[in-house]
2 protein chains.
Amino acid sequence: MPVTIKDIARKAGVSHATVSRALNGSPLISQETTLAIRKLAEEMGYLPSAAARGLKTSRSHVLGVIVSRIGNPYFGEIVQGIEDALKGTAYSIFVASSHLDAAVEENIVRAFGEHRVDGVIVATASFSRSQVHLLRRYGIPIVAINSSSPQDYRFCIAHDDVYGARQVARHLIALGHRRIAYIGNMRAAQINHDRIVGFKQEMESAGIALDANLMINLQWSEIENGVEGMTTLMRRKDRPTAVFCFNDLIAIGALQVAQRMGIRVPQEISITGFDNITYSAYTLPALTTFDQPKRLIGAEAAGMLLDLINRRGSGGDDERAAPAARLLRGKLLVRESTARCMS
Amino acid sequence: MPVTIKDIARKAGVSHATVSRALNGSPLISQETTLAIRKLAEEMGYLPSAAARGLKTSRSHVLGVIVSRIGNPYFGEIVQGIEDALKGTAYSIFVASSHLDAAVEENIVRAFGEHRVDGVIVATASFSRSQVHLLRRYGIPIVAINSSSPQDYRFCIAHDDVYGARQVARHLIALGHRRIAYIGNMRAAQINHDRIVGFKQEMESAGIALDANLMINLQWSEIENGVEGMTTLMRRKDRPTAVFCFNDLIAIGALQVAQRMGIRVPQEISITGFDNITYSAYTLPALTTFDQPKRLIGAEAAGMLLDLINRRGSGGDDERAAPAARLLRGKLLVRESTARCMS
DNA sequence: AATGTGAATGCACACGTGTGCATCAAGGAG
DNA sequence: CTCCTTGATGCACACGTGTGCATTCACATT
C-alpha cells in the first residue's frame with residue numbers, strides 16, 4: 001500500500017488536513033510546519049493519488065488523444081508537439097489509435113469517458129459524428145486537428161491544405177507539366193478535398209483542363225496504397241508526366257513503382273509528396289514535398305485545449321464560448337523528385 | 001456533472017448499493033431489478049468513474065508504456081502489439097517517450113506513480129536504474145522489452161539478437177564478404193552488444209579477423225546517424241565490401257550515403273538493416289534485414305504483465321515469484337541490398 | 001404458532017484527498 | 001481583566017464506488 005497523507009499526518013503528529021494544505025502550499029499553514037511536512041513526505045516517498053485527487057476536484061489532469069494509427073510518423077510528430085506543449089504542466093496524455101474503425105472508436109471514447117479526461121484532441125483522418133456527440137454529452141471539450149468534417153467541431157487547428165496544394169501544383173506547372181495526376185485518400189474527406197481544391201485552382205488559372213482519368217482516390221494513405229495507385233496509373237496508355245500524391249507515404253510507394261518499372265524520376269516523371277515526414281528526405285531521389293508544421297500544430301491544439309479547460313473551470317460557459325479555429329501554413333520544399341517536363 | 005450510481009438509485013427507488021451490485025452482475029440481486037437498473041443506466045448515459053472505482057479497488061486498469069521515441073516506427077509496432085493484447089480487457093495504456101533523457105524519465109515515472117498504473121512496460125533503449133528501483137518501491141510490476149540491462153529486471157521479453165545477428169552475418173559471409181563493417185548504437189547497450197556478439201561469432205567461425213577500424217558506434221540510431229556513420233566509413237581508404245547496420249533506420253541513412261557517392265548497392269557494397277520496419281521494404285534497393293516479430297513481442301509483454309498483475313492480486317508474492325524471460329526469434333529477410341562480393 | 005431458511009435489499013463504512021467551518025492559543029487594544 | 005483580532009490547526013464532510021453486515025420479507029418446516 002502506498003504512503004498516504006494520513007500516514008504522514010500520523011508521523012508528524014498533525015491532522016491529515018494540515019498535511020494536505022502544507023503540500024499544496026496553502027498560506028494557512030505556518031512555514032515551519034510546511035517545510036517539516038514536505039521533508040517528511042519526501043522521505044517517506046509519498047506520491048499523491050491522482051484518483052483520489054481527481055475524485056475530489058473533478059479534474060483528472062489527463063488529456064485523450066485519438067490518432068488514426070500510432071506508428072504513422074505523421075501522427076508521431078503531432079503527438080510529439082502535444083507533449084512539448086504539455087511539458088511543465090501537470091497533464092499527461094492517453095494516446096489511442098482508432099484504425100478508422102467505428103467499434104474501436106467507441107471503446108476509446110468510453111475509456112476516455114470513464115477516466116474523465118479533461119479534454120480530447122481528435123487527430124484522426126475520420127471520426128464518427130456520433131462519438132463526437134457522445135463526448136460533448138459528457139461535457140468533455142474537444143479540439144480537432146485537420147478535421148475531415150470541421151462542421152462537427154467548434155474548436156479546430158488545421159493546416160491550410162488549399163494553400164499548400166496550390167504551392168505544390170504551381171511548382172509542377174511552372175516546370176511545364178500539364179498532364180498531372182492526383183493520388184488521394186478518400187477516407188480523409190475534408191483534407192483530401194482541400195488538396196484537390198488547391199490543385200484544381202492552380203490548374204484552372206493556368207488554363208489546363210483536368211483529366212478525370214488521372215484522379216485516383218484510395219481507401220487509405222499508407223505506402224502500399226501508393227503502390228496500388230501508381231500501378232493502375234502507369235498501366236494507362238497516356239501516362240501523366242507528374243504525380244501529385246496526397247501524402248509522403250503514398251509518394252514513397254509511387255516512387256518505388258516508377259523505379260521498378262524503369263521510369264526515371266524526375267527525368268521521365270515528377271512525383272511530389274505532402275507533409276514532409278522524416279523519411280521523405282532520405283528517399284532517392286529525395287522527395288519534393290510540402291512541409292507541414294506538425295509539431296506546431298500539435299502544440300497549438302494542446303494549448304487551445306488547455307485554454308478551453310481553464311476557461312470552463314472559471315465559470316465560463318462552453319456553449320456560449322466563441323468557436324475558434326486556427327489555420328497554419330507550411331512551406332514548399334523542393335528537393336529532387338521534380339524536374340522540368342521533357343515531353 | 002456526470003451521472004452517478006446515486007442518481008440511478010434515486011430514479012429507480014433503490015439504494016446505490018443495489019445499483020452497484022446490479023451493474024457488476026452480483027448474484028445477490030434479482031434478475032428483474034438487475035435488468036431494470038441496467039436499462040436505466042443505459043438511458044441515463046451512465047459511465048462509471050474510473051477514479052472512484054480505482055480508489056476503492058486499488059486497481060487503475062491502466063498500464064504505463066515507456067518508449068524511446070514515439071514516432072519511431074519500431075516502437076510504433078511494439079505499441080501496436082500491446083494494444084492488440086489489451087483488446088477485450090479493461091485496460092488502457094499511457095504511452096510516454098523518454099527521449100533517453102533522465103529528467104523526462106523521472107517525470108514519466110512520477111506520473112505513472114501518481115496514476116497508480118497497475119504495471120509498466122519498459123521498451124526504451126536505455127532506462128535509468130534508479131527509476132526502476134523507484135517503480136519497484138511503489139510496488140508496480142515491470143516487464144522489460146529488449147532491455148539494455150536485463151540484470152535490472154526480473155521479467156523480460158526479448159528478441160534473440162545474437163541469433164539474429166548471426167543469421168545476418170552468415171548471410172554476408174556466404175556471399176563472400178570478408179571486410180564487413182558494423183554501425184551500431186552504443187546507447188542501446190545490451191542490444192548493441194548482443195548484435196556485435198552474434199556478428200563476431202560468425203566472423204570467428206569463418207576464420208575472418210575483425211578490423212577494429214570498421215566498428216563504429218554512435219549515440220543514437222536514427223537515419224541521420226546512419227548518414228554520419230556511413231560517411232566516416234566511406235572516407236577510409238580501405239573500404240568495407242559490406243555494412244551490417246544496427247537497425248533499419250541506420251541502414252536507410254547508409255544506403256543514401258552510398259548512392260549519393262555513386263557507390264552502387266548491392267553491386268559494389270552490400271548493406272543490411274535490422275528489425276524490418278515497414279519502410280525497409282520500400283527503399284531502392286529494398287533492404288535485406290532481419291524480421292523481428294515486433295507486434296508479437298509487444299503482445300507477449302502485455303500478456304506477461306497482466307499475468308503478473310493478476311497473480312499479485314490473488315495473494316502471490318512478487319518477491320518470491322520466479323523471474324521469467326522469453327526470448328523470441330525472428331527470421332532473416334533477404335531482399336535486394338545484398339549481393340555476392342565482387343572484389 | 002413458532003422457528004428456520006434463503007433470497008433481496010439497505011445501512012454504513014472505507015478508499016485518499018480537499019475544504020468550509022469551528023476551535024484554540026497568543027497577543028494587542030480597550 | 002475582558003474582548004477582539006490574527007494565525008494555526010483540527011473536525012467533519014464530500015467526491016463516486018464497492019462490500020461486509022444487518023435487515024426485511026416470504027415461505028417452508030416443525
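What's counted below: heavy atoms across the whole structure, side chains too, no hydrogens, waters or symmetry copies. Letters A, B, ... are given to chains in the order of the sequence lines, protein chains preceding strands, and every chain is numbered from 1.
In this structure, the CZ atom of Arg59(B) is 14 Å from the P atom of dG18(D), given to the nearest Å. Atom-to-atom, CD1 of Ile8(B) to P of dG10(C) comes out at 14 Å; the value is rounded to the nearest Å. Whole-Å rounding puts the Arg10(B) CZ to dT17(D) C1' distance at 15 Å. Atom CD in Glu32(A) sits about 12 Å away from atom C1' in dG7(D), given to the nearest Å. For the pair Asn24(B) CG and dT19(D) P, the interatomic distance rounds to 7 Å; values are reported in whole Å. Taking atom CD on Gln31(A) and atom P on dT9(D), their separation rounds to 12 Å, with Å as the unit.
Ser98(A) is not listed as a side-chain neighbour of Phe127(A), based on a closest heavy-atom distance of 4.5 Å or more.
Sorted by first and then second residue, the side-chain hydrogen bond (donor to acceptor under 3.5 Å, both in side chains) pairs with a member in residues 71-88 of chain A read Tyr74(A)-Asn146(A), Tyr74(A)-Gln292(A), Gln80(A)-His99(B), Asp84(A)-Arg295(A); sequence neighbours excluded.
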Under 3.5 Å, sequence neighbours excluded: what are the donor-acceptor pairs made by side chains of residues 40-50 of chain B?
residue	atom	partner	partner atom	Å
Glu43(B)	OE2	Lys39(B)	NZ	3.4
Ser49(B)	OG	Ala51(B)	N	3.3
Ser49(B)	OG	Ala52(B)	N	3.1

Would you list the atom pairs, donor with acceptor, under 3.5 Å between side chains in residues 89-96 of chain B and any protein atom, with sequence neighbours excluded?
residue	atom	partner	partner atom	Å
Thr89(B)	OG1	Leu86(B)	O	2.7
Thr89(B)	OG1	Tyr91(B)	N	3.2
Tyr91(B)	OH	Asp118(B)	OD2	3.4

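Here Ser20(B) lies in heavy-atom contact (under 4.0 Å) with a base.
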If you restrict it to nitrogen or oxygen atoms, what contacts under 3.5 Å exist between nucleotides 24-26 of chain D and the protein, and what is each distance?
none

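Every residue two or more places apart in sequence or in another chain that forms a side chain to side chain donor-acceptor pair (under 3.5 Å) with Arg326(B) is listed here: Glu300(B).
Under 4.0 angstrom from either OP1 or OP2 of dA7(C) there lies no side-chain N or O belonging to Ser30(B). Checking the phosphate oxygens (OP1, OP2) of dT9(D), a side-chain nitrogen or oxygen of Thr33(A) falls inside 4.0 Å.
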Discussion item. Across nucleotides 11-16 of chain C, 5' to 3', mark each nucleotide with B, S or - according to how protein heavy atoms within less than 4.0 Å reach it.
Written reply: BB-BBB

